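The block underneath contains the structure these notes are about, expressed in structure tokens.
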Amino acid sequence: MHYDYLVVGRGLAGSLLSYFLIRNGRRVIVYDHTEQPKASNAAAGIFNPFTGRKLVKTWMADDLFPFLVDFYHKLEQDLEIKVMHKMPMYRPFLTLQEQNDWGAKIHDLAYSQYIDSIVGPEERISEVANPLGGMMLQQCGFVDIGALIEGVKRYLIQNNSLQQQPLSIKDLELEQDYVVYGQHRAARIVFCEGPWLEMNHYFNWLPLRPVKGEILEVELRDPLSFIVNRGIFILPVNGRISLVGATFDHQNLDWSITEAARDQLEVKLKKLLKIPYKIIGQRAGIRPASADRRPLIGIHPEFEPLAVFNGLGTKGVSLAPYLIYRFFEFIEKGEPLIPEVSISRYFSLYYSKN
Ligand SMILES: Cc1cc2nc3c(=O)[nH]c(=O)nc-3n(C[C@H](O)[C@H](O)[C@H](O)COP(=O)(O)OP(=O)(O)OC[C@H]3O[C@@H](n4cnc5c(N)ncnc54)[C@H](O)[C@@H]3O)c2cc1C
């Protein structure tokens with residue numbers, strides 16, 4: 001069989017990419033290693049235009065956020081599933097300085113579209129510690145990645161586009177304009193292997209810096225109607241069930257849950273949350289982050305049919321939709337890639353190794 005694209009991996013990246021390609025009329029075959037854990041299965045799926053301890057605007061937020069809403073809505077319609085849950089995010093203030101700064105930023109056009117309201121100390125929220133009040137952010141929420149991956153799986157099966165087995169890279173035959181893998185021939189192969197990139201000798205020169213993360217699943221006495229974000233996040237996903245996370249561990253890169261992470265999250269949770277809770281689960285995963293914290297996207301420096309879409313790091317949900325669109329325009333129409341995500345910034349690493 002002849003295909004336009006062979007996609008390797010069916011986490012968030014491979015799922016969204018293969019859905020997008022099929023919707024645009026391309027013939028696609030996806031290989032999925034069903035025995036391997038996915039970062040995407042551990043993720044909370046939050047999208048939030050601000051980031052980090054100092055809450056700076058997420059890189060490219062003004063491009064990413066309008067785009068992701070349309071993208072997930074279209075996917076929901078096509079696949080007849082619900083994945084996007086818009087939800088405000090509450091950020092308690094820790095200092096008077098913060099309170100003043102954000103009180104001013106609400107009048108700044110660059111920020112105001114993302115701030116719903118400043119909550120004063122007198123009207124503070126009873127469920128969390130917020131003696132100085134805080135701010136309620138908008139254009140936030142979460143994507144139910146589990147539902148998305150299952151929905152895309154059904155779509156791939158309907159389109160005869162799924163192989164539920166690993167792709168063995170050593171058995172890939174490379175020609176000038178196409179690749180052959182067993183019975184399948186494709187003009188392009190796109191590796192969406194997430195944290196497993198290092199097993200791929202064509203692309204393991206790229207500087208992936210995986211980061212382990214763990215999340216607790218808790219049952220709250222009362223359901224929250226907003227995400228809380230201060231040191232940790234508390235994300236209400238289903239009634240009284242919420243996710244609490246996440247840890248960042250650059251050293252222990254295994255997929256198992258740990259007591260240390262549970263303790264670390266619970267210490268923060270006890271400080272932040274003012275209502276009783278019960279821990280009912282815990283999960284761990286490895287984020288495919290890169291050395292400069294920007295995605296790793298593009299075509300192999302030597303072998304034209306090989307491409308990579310990786311390095312989504314901590315923000316796969318917000319980055320993937322817009323970057324998939326830009327990747328498609330790059331591959332099919334020769335439009336330039338955003339320099340910060342293009343793997344050409346690391347070509348020197350490839351040439352120094354080969
Ligand atoms: C604890 C935690 C919390 C997170 N929270 C958020 C969040 O709130 N918001 C957010 O946006 N992001 C979050 N993330 C990050 C998010 O999970 C990632 O950005 C995203 O899931 C990466 O998706 P991926 O498809 O690149 O990788 P993965 O989901 O790991 O998928 C890669 C897939 O490729 C498959 N594969 C590899 N090699 C082969 C092969 N040879 N053949 C076939 N298949 C292969 C693997 O088996 C795997 O299924 C979080 C991550 C973690 C760990």
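Ligands are counted one by one from 1 in listed order, and the atoms in each one are counted from 1 as well. Note: hydrogens, waters and symmetry copies are ignored here, and every other heavy atom, side chains too, is used. The shown structure was predicted, so the numbers you read here are calculated from the model rather than taken from an experiment. We count residues from 1, following the sequence as given.
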To atom 37 (C) of ligand 1, the nearest of Lys212, Gln36, Met199, Arg283 on a heavy-atom basis is Gln36
At less than 4.0 angstrom from any non-hydrogen atom of Val8, what atoms of ligand 1 do you find?
39 (C), 40 (C), 41 (N), 42 (N), 43 (C)
Please state whether Gly245 comes within less than 4.0 angstrom of ligand 1, counting heavy atoms only.
no
Any N/O pair Leu12/ligand 1 closer than 3.5 Å
yes
For atom 51 (C) of ligand 1, which candidate among Lys315, His33, Arg287, Gln164 provides the closest heavy atom?
Arg287
Counting from 1, what ligand 1 atoms have a heavy atom of Gly9 closer than 4.0 Å?
33 (C), 34 (O), 35 (C), 44 (N)
Between Arg185 and Tyr178, is NZ or CZ placed under 6.0 angstrom from the six-membered ring centre and within 45° of the ring axis?
yes
Element-labelled atoms of ligand 1 that are located less than 4.0 Å from some non-hydrogen atom of Cys192:
32 (C), 33 (C), 34 (O)
Do Trp255 and ligand 1 have an N or O pair less than 3.5 Å apart?
no
By the definition ring pair (Phe, Tyr, Trp, His ring centres under 6.0 Å), identify the one residue from Tyr346, Tyr350, Phe191, Phe347 that meets it with His300.
Tyr350
I'd like to know if the side chain of Glu214 reaches the main chain of Thr258, judged simply by a donor and an acceptor atom lying under 3.5 Å from each other, with no hydrogens or angles considered.
yes
Below 3.5 angstrom, do we get any N/O pair linking Lys38 and ligand 1?
yes
Option from Ile29, Val180, Val28 for which side-chain contact (heavy atoms from CB on, under 4.5 Å) with Leu6 holds:
Ile29
Cation over ring face, Arg287 and Phe248, 6.0 Å, 45°:
yes
Hey, looking at atom 22 (C) of ligand 1, which of Pro288, Gly316, Gly194 has the closest heavy atom?
Pro288
Answer yes if the ring centres of Tyr351 and Trp205 are under 6.0 angstrom apart, and no otherwise.
no
Between Trp196 and Trp255, how do the two ring planes meet: parallel, tilted or perpendicular, split at 30° and 60°?
parallel
Do any nitrogen or oxygen atoms of Glu214 lie less than 3.5 angstrom from nitrogen or oxygen atoms of ligand 1?
no
In terms of residue, atom name and distance, what is the protein heavy atom nearest to atom 17 (O) of ligand 1?
Ala43 CB, 3.2 Å
With Glu98, which of Leu94, Asn100, Leu96, Asp101 fulfils side-chain contact (heavy atoms from CB on, under 4.5 Å)?
Leu94
Under 3.5 Å, N or O to N or O, is Thr314 touching ligand 1 that way?
yes
Sub-3.5 Å N/O-N/O distance, Pro195 and ligand 1:
no
Tell me the protein heavy atom at minimum distance from atom 9 (N) of ligand 1, and give that distance in Å.
Ile46 O, 3.0 Å
If you compare Ala44, Ala13, Gly14, Ser168 by their heavy atoms, the one closest to atom 5 (N) of ligand 1 turns out to be Ala44
Would Val317 count as a polar contact of ligand 1, with the cut-off being nitrogen or oxygen pairs under 3.5 Å?
yes
